[in-house]
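First the structure, then my questions, so here it is.
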Amino acid sequence: VQLQASGGGLVRPGGSLTLSCAASGTNFRINDMAWHRQAPGKQRELVAQVTGGGTKNYLESVKGRFSISRDNAKNTMTLQMNSLEPEDTAVYYCEADWYYNNGYDTSVGRSWGQGTLVTVSS
């Protein structure tokens, strides 16, 4: 399963951006999906997660500003980011846990997107 992230860019404080992530492959089903971010000199952190059942969880500092959603039919996920702050500047990565079954073999795994840079600056 491959993930393709897009939507990063430069935005002023208080602005908005929407990140998108698309999964591709065959004979798979996506379970949990999430966005992570890594700022310069810092560890990667979980920003938002949406489970296979639709439960959503957010990093405390983005609650009320970010919204995660997914389209199971299209195997896509978005992160709507509003009221962006300079502290949100980071490379954002999408991640998905998946189940593969081609009728002969089964496996589970985790895939990561390539990362998309979000810069919040005036």
Side-chain angles (χ1 to χ4, degrees):
V1 177
Q2 293 185 326
L3 301 182
Q4 180 70 41
S6 61
L10 172 64
V11 64
R12 294 183 183 275
S16 299
L17 276 177
T18 301
L19 304 183
S20 299
C21 180
S24 61
T26 58
N27 300 312
F28 71 96
R29 184 187 75 240
I30 299 290
N31 295 323
D32 299 347
M33 303 185 79
W35 288 97
H36 301 250
R37 69 185 181 188
Q38 187 166 20
K42 296 186 177 181
Q43 290 188 329
R44 189 174 297 191
E45 61 182 355
L46 175 64
V47 177
Q49 177 195 51
V50 55
T51 69
T55 300
K56 301 177 182 180
N57 300 292
Y58 296 93
L59 180 69
E60 190 65 32
S61 63
V62 308
K63 285 182 179 178
R65 301 189 295 122
F66 290 11
S67 178
I68 190 171
S69 62
R70 63 188 289 173
D71 184 329
N72 293 327
K74 297 180 179 179
N75 288 318
T76 58
M77 172 179 64
T78 62
L79 183 69
Q80 176 65 44
M81 304 186 294
N82 299 322
S83 302
L84 282 161
E85 303 169 353
E87 293 73 23
D88 297 316
T89 295
V91 177
Y92 285 70
Y93 299 89
C94 59
E95 171 255 311
D97 294 335
W98 46 263
Y99 170 76
Y100 172 83
N101 183 353
N102 67 358
Y104 300 96
D105 300 311
T106 63
S107 63
V108 295
R110 172 171 292 178
S111 295
W112 291 85
Q114 81 282 13
T116 184
L117 177 62
V118 173
T119 303
V120 185
S121 176
S122 56

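Only a predicted model underlies this, so the values are computations on that prediction, with no experimental measurement involved. By convention here, the first residue in the shown sequence is residue 1.
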What residue pairs, at least two apart or across chains, pass salt bridge (Lys or Arg N to Asp or Glu O under 4.0 Å) with a residue in residues 107-122? E95-R110, D97-R110

Which salt bridge (Lys or Arg N to Asp or Glu O under 4.0 Å) pairs, counting each pair once, include a residue from residues 67-86, with sequence neighbours left out? R65-E85

Going by the salt bridge (Lys or Arg N to Asp or Glu O under 4.0 Å) test, which pairs reach into residues 14-27, not counting sequence neighbours? none

Note, D88 side chain near R37 side chain (heavy atom, < 4.5 Å): yes

If two hydrophobic side chains count as joined below 4.5 Å and joins carry through other members, does W35 share a cluster with V11? yes

Results of side chain to side chain donor-acceptor pair (under 3.5 Å) for S16 - residues two or more places apart only: N82

Drop me the distance from K56's NZ to Q49's CD, to the nearest 0.5 angstrom. 12.0 Å

Taking all non-hydrogen atoms of both residues, which atom of A96 and which atom of I30 are closest, and how far apart? CB-CD1, 4.0 Å

With sequence neighbours excluded, residues passing salt bridge (Lys or Arg N to Asp or Glu O under 4.0 Å) with K63: E60

Does a sphere of radius 6.0 Å around CD in Q2 hold more than 12 heavy atoms from other residues, nucleotides or ligands, not counting ones at 6.0 Å or beyond? no

The reported gap from CE in M33 to CG in N75 (rounded to nearest 0.5 angstrom) is 7.0 Å

Tell me which donor-acceptor pairs under 3.5 Å the side chains of residues 113-122 have, and how far apart each pair is, sequence neighbours excluded?
unit_1	atom_1	unit_2	atom_2	d
Q114	OE1	A5	N	3.1
Q114	NE2	A5	O	2.8
T116	OG1	G8	N	3.0

Show me the donor-acceptor pairs within less than 3.5 Å that the side chains of residues 17-28 make with the rest of the protein, sequence neighbours left out.
unit_1	atom_1	unit_2	atom_2	d
T18	OG1	Q80	OE1	2.4

How many angstroms lie between CD in Q4 and OG in S111, if you round to the nearest 0.5 Å? 12.5 Å

Sorted by chain and number, sequence neighbours left out, side chain to side chain donor-acceptor pair (under 3.5 Å) with S6 holds for none

Could you pull out all residues at least two apart from E87 that satisfy salt bridge (Lys or Arg N to Asp or Glu O under 4.0 Å)? none

Where at least one partner belongs to residues 11-35, residue pairs that pass salt bridge (Lys or Arg N to Asp or Glu O under 4.0 Å), sequence neighbours excluded: none

Would L59 and I68 show up in the same hydrophobic cluster when neighbours are defined by side-chain heavy atoms closer than 4.5 Å? yes

Does any pair with a residue in residues 58-101 pass ring-ring contact (aromatic ring centres under 6.0 Å, His included), and if so which ones, sequence neighbours excluded? none

